[in-house]
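Data block below; observations after.
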There are 2 protein chains.
Amino acid sequence: MSNLIKNVPPFDLKNVLLPESSTPNHLDISNIRSSCATCSLRELCLPVGLNESEIQELGDLVSHKRKIQRGGYLHRTGATFQMLFAIRSGFLKTCVLEEDGRQQVTGFHMTGELLGLDAISTDKHTCDAIALEDSEVCEIPFVKLEEISRSVPSLMHQFHKVMSREIVKDHGVMLLLGSMKAEERLATFLLNLSRRFSIRGYSSSDFNLRMTREEIGSYLGLKLETVSRAFSKLQDEQIIVVDNKHIQINDIERLRTKMGNSSCLT
Amino acid sequence: MSNLIKNVPPFDLKNVLLPESSTPNHLDISNIRSSCATCSLRELCLPVGLNESEIQELGDLVSHKRKIQRGGYLHRTGATFQMLFAIRSGFLKTCVLEEDGRQQVTGFHMTGELLGLDAISTDKHTCDAIALEDSEVCEIPFVKLEEISRSVPSLMHQFHKVMSREIVKDHGVMLLLGSMKAEERLATFLLNLSRRFSIRGYSSSDFNLRMTREEIGSYLGLKLETVSRAFSKLQDEQIIVVDNKHIQINDIERLRTKMGNSSCLT
DNA sequence: CGGGCTGTTGATCAATTTCAACGCTCGTGG
DNA sequence: CCACGAGCGTTGAAATTGATCAACAGCCCG
């Protein structure tokens, strides 16, 4: 097992506290302490819908950043829960390990998304979170988040929305797993990635997958060979072009018709 | 479509406000206004872990009860979200309707469980909730719940736990749908029901299903015929006895081995 | 009593998994 | 610098699982 925990020290040198006044308008994000007020992800992450002073309060919470190398663990199943993690950059998967050794991928996560919500229920993480590329996360002490949200109702409400959205998303995946065929699942998956890349300013029709066929298969409830075949089929139909991990969507409309019952995909 | 909304008037006659002092120690639950403090479901529902005065505050929120007849809707997809619902008695299913008409059951819900969490994200319900037997729910105005939880931290925390548990549960279902075979799925499903009945004081080995084979199939990602065959197979192996909706578990240990990777089922 | 709904079972069919072979890329060590 | 093995991906053929189609039985209710 080569995936050891890559513990970046709690205080990254780049995160030394600088007086607020010393941060000019033009910001070099790697040289200031992490703060929601200056984070380019404000519109994606927890600060959505908060005003400046509320964001400041939230930002005061989030003084630590943590880097995880590709293949490293952000957290492991059973580990004590203290922090939520907001993804600042990178790409991670979460997966539950079964007793018999197999693993089921429960999600792929990108910039601006929140990890660790599952752990609130028992104060233990219920899944592994593993970086699929070098990643960086903000650590949000959960106890303090609850504390602050008492005085910032809109933060509390935003947090509830985020949790609720997670539930809705999972229902979408249940639908996919419960009622779609292989090709429909893959189409849905690609469209979902496409949309999420697009929201983040990347091309919606041209991107690189960060995960293996096996990981896609695990997420979609398929074997890796089936995933591979489904890719080939979509390529034969000239809907996409596949070059290993590089995907190009040629005909997004036709891809949409492949998934059949459109609506559910978050 | 015979399932119209069965709107019980907001104030049930049984729920007329009686002075607190007039409720003696021995309570006839049907004759007092609904209150978490006196509800026999305290240990299952939102009040878990709260002290008396905190429960009182929560209880003051929950002045309405609502009855839903078998087949009636508690809420429909797209309806405006205002209330969470705590199930007081009965049995409901939630399901998402696809454009093409099919429906996917996303959950079966019993006494003490909370419905409506998915709706927080968009202020619209994202699924239908339908009673599988005559049911009664407490209505919890969500705005007020957030308000009160500002001053009752343990209520807020408990609520977060409930939401988190929902996420963990969904991950369990994803695992089931993504990696189990028909028989494993049914075994998992039966064991889950068994445990939930048992927690509520009913027999863990002898119970009646409230849902049809088709609904089970939808939930488990199988066709109703497959569900029926899986039941028959488990019966042939003398692990259970099936008499239509009545299920008797003879050998719970062997049923557990059927599901293989035990752990995940909430 | 008949019709609709639910559930069971059999036979066949289709989709996915499994098993197997092979190609490509990348990093390491001779 | 090349050889080699590991990991990842593709593809084919066979095996398995579950879906589909179809018949029928039981039950409830009008």
Side-chain angles (χ1 to χ4, degrees), chain A residues 1-3 69-71 93 100 102-105 130 132-133 176-187 189-190 208-237 240-247 258-260, chain B residues 1-3 69-71 93 100 102-105 130 132-133 176-190 208-237 240-247 258 260:
Chain A
M1 186 82 40
S2 72
N3 291 333
Q69 287 185 3
R70 177 163 185 233
K93 69 171 175 181
D100 52 23
R102 276 175 311 163
Q103 64 170 34
Q104 161 91 10
V105 173
I130 300 173
L132 296 181
E133 60 181 39
L176 176 145
L177 293 171
S179 69
M180 290 188 187
K181 298 199 196 303
E183 215 186 332
E184 297 173 323
R185 295 185 197 191
L186 188 64
F189 175 70
L190 289 175
N208 283 294
L209 301 173
R210 270 77 176 189
M211 69 297 278
T212 66
R213 301 290 190 263
E214 184 166 23
E215 287 162 336
I216 297 173
S218 172
Y219 181 63
L220 297 179
L222 301 168
K223 292 295 155 188
L224 66 92
E225 294 95 330
T226 309
V227 172
S228 181
R229 280 184 245 272
F231 270 125
S232 300
K233 177 119 186 290
L234 288 176
Q235 179 163 243
D236 289 348
E237 301 179 74
I240 62 174
V241 179
V242 184
D243 178 17
N244 225 299
K245 291 222 155 72
H246 181 250
I247 303 292
K258 284 284 174 189
M259 53 175 284
Chain B
M1 186 80 42
S2 72
N3 291 333
Q69 288 185 1
R70 177 164 186 235
K93 70 171 176 182
D100 52 22
R102 276 175 311 162
Q103 64 170 33
Q104 162 91 10
V105 173
I130 299 172
L132 296 181
E133 59 181 39
L176 175 145
L177 292 171
S179 69
M180 289 187 186
K181 298 199 196 304
E183 216 185 332
E184 297 173 325
R185 295 184 198 192
L186 188 65
T188 306
F189 174 70
L190 289 175
N208 283 293
L209 301 173
R210 271 77 174 185
M211 68 296 279
T212 66
R213 302 290 190 262
E214 184 166 22
E215 287 162 336
I216 297 173
S218 172
Y219 182 62
L220 298 180
L222 301 169
K223 291 298 156 186
L224 65 92
E225 295 95 329
T226 308
V227 173
S228 181
R229 279 185 244 273
F231 269 125
S232 301
K233 177 119 186 290
L234 288 175
Q235 178 162 242
D236 289 348
E237 300 179 74
I240 62 175
V241 179
V242 185
D243 177 16
N244 225 295
K245 292 222 155 75
H246 181 249
I247 303 292
K258 283 284 173 188

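Only heavy atoms go into these numbers, but all of them, side chains included; no hydrogens, no water, no symmetry mates.
Put simply, NE2 on H246(B) is 20 Å from P on dG26(D), counting in whole angstrom units. The nearest whole Å value for the distance from the CG atom in L222(B) to the P atom in dT16(C) is 14 Å. For M180(A) and dA15(C), the CE to P distance is 17 Å, given to the nearest whole Å. Between F231(A) atom CZ and dT11(D) atom P there is a gap of 12 Å when expressed in whole angstrom units. Atom-to-atom, CD of E183(A) to C1' of dA14(C) comes out at 14 Å; the value is rounded to the nearest Å. As rounded to whole Å, 6 Å separates atom P of dT8(C) from atom CG of N244(B). Protein atom CD of E225(A) is 12 Å distant from nucleotide atom P of dG9(D), rounded to whole Å. Going from atom CG of D243(B) over to atom C1' of dG26(D) covers 11 Å, rounded to whole Å.
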query = Given the rule in the salt bridge (Lys or Arg N to Asp or Glu O under 4.0 Å) test, do E237(B) and K233(B) qualify, once you have shown the distances and angles that lead to the verdict?
reply = CA-CA 6 Å; E237(B) 300 179 74; K233(B) 177 119 186 290; 3.8 Å; yes
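For the OP1/OP2 pair of dT8(C) and a distance below 4.0 Å, the side-chain nitrogens and oxygens of S228(B) include at least one atom meeting the criterion. Side-chain N/O atoms of S232(B) include one lying less than 4.0 angstrom from OP1 or OP2 on dT9(C). Between K223(A) and dT18(C), a side-chain N or O to OP1/OP2 separation shorter than 4.0 Å is present.
Between F231(B) and L209(B) the shortest side-chain heavy-atom distance falls below 4.5 Å.
One donor-acceptor pair, N or O on each side, does fall under 3.5 Å between the base of dG12(D) and the side chain of R229(A). Taking 3.5 Å as the limit, the base of dT9(C) and the side chain of R213(B) contain no donor-acceptor pair of atoms between them.
Within 4.0 Å of G221(B), counting heavy atoms only, lie sugar-phosphate atoms of the nucleic acid but no base atom. Within 4.0 Å of T212(B), counting heavy atoms only, lie sugar-phosphate atoms of the nucleic acid but no base atom. In this structure, K245(A) reaches the sugar-phosphate backbone alone: every heavy-atom distance under 4.0 Å involves primed, P, OP1 or OP2 atoms, never a base. Base contact: L224(A) has a heavy atom under 4.0 Å from a base atom.
Comparing T226(A) and V227(B), the nucleotide of DNA chain C nearest to each residue sits closer to the 5' end for V227(B).
Counting non-hydrogen atoms of other residues, nucleotides and ligands closer than 6.0 Å to CD of E214(B) gives a total of 12 or fewer.
For S232(A) (side chain) and S228(A) (main-chain N/O), a donor-acceptor pair under 3.5 Å exists by modelled atom type.
With I130(B) as the partner, the side chain to side chain contact (heavy atoms under 4.5 Å, CB included) test is satisfied by one option alone out of R70(B), K93(B), E215(B): K93(B).
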